[in-house]
Chemist: 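Input: one structure, supplied below.
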Amino acid sequence: MDTNDDRNQPNDDVQSEPVEAGHDDATRAEQLEGVIDQVRGDLLLGHVDDARGMVRDRLADAGLGADESDVDAVLSAVQGGTTA
């Protein structure tokens, strides 16, 4: 019996840490672009009942300010296909 099989070896193809690792290295503009991409994707999939509320939640989750001008900028970028 071979006790040195591949099951006990690290697999470089497997994600071993959260996707968000390093998220705090992103600039504010990069974080906003990420929120815009997330919201745009959710809208395209039809997963949004309240886009304004979802944008507020996404901004808060990203640790970004969620004042109404930020929410408006994200929604405008999502609807216009541009960046905030």
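This is a predicted model, so every value here is computed, not measured.
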Chemist: Nearest 0.5 Å please: distance from the CG atom of D57 over to the CD atom of Q38.
Modeler: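 Here the rounded value is 11.5 Å.
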Chemist: How close do R52 and D72 get, counting heavy atoms only, and between which atoms?
Modeler: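 Scanning both residues, the minimum pair turns out to be NH2-OD1, 2.7 Å.
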Chemist: Can you confirm whether D50 is buried at CG, in the sense that more than 12 heavy atoms of other residues, nucleotides or ligands lie under 6.0 Å from that atom?
Modeler: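 More than 12 heavy atoms, drawn from other residues, nucleotides or ligands, come within 6.0 Å of this atom.
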Chemist: I need the L75 CG to E68 CD distance, nearest 0.5 Å.
Modeler: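 Rounded to the nearest 0.5 Å, the CG-CD separation comes out at 9.0 Å.
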Chemist: Taking all atoms of both residues into account, what is the closest heavy-atom pair of Q31 and A26, and its distance?
Modeler: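 Closest approach of Q31 to A26: CG-CB, 3.9 Å.
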Chemist: Check R56 with D70, please: is the shortest side-chain N to carboxylate O separation under 4.0 Å?
Modeler: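 R56 and D70: not salt-bridged.
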Chemist: To the nearest 0.5 Å, what is the distance between CG (L59) and CE (M54)?
Modeler: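 Here the interatomic distance stands at 10.5 Å.
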Chemist: Please identify each residue that fulfils side chain to side chain donor-acceptor pair (under 3.5 Å) with D42, with sequence neighbours left out.
Modeler: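 If we apply the side chain to side chain donor-acceptor pair (under 3.5 Å) test to D42, skipping adjacent residues, the hits are R58.
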Chemist: Keeping Q79 on the side-chain end and S76 on the backbone end, is there a donor-acceptor pair under 3.5 Å?
Modeler: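 The answer is no, because no donor-acceptor pair under 3.5 Å joins these two groups.
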Chemist: Salt-bridge test for R28 and E33: reply yes if a basic N is under 4.0 Å from a carboxylate O, no otherwise.
Modeler: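 Between E33 and R28 there is no salt bridge, as every charged N stays at least 4.0 Å from the carboxylate O atoms.
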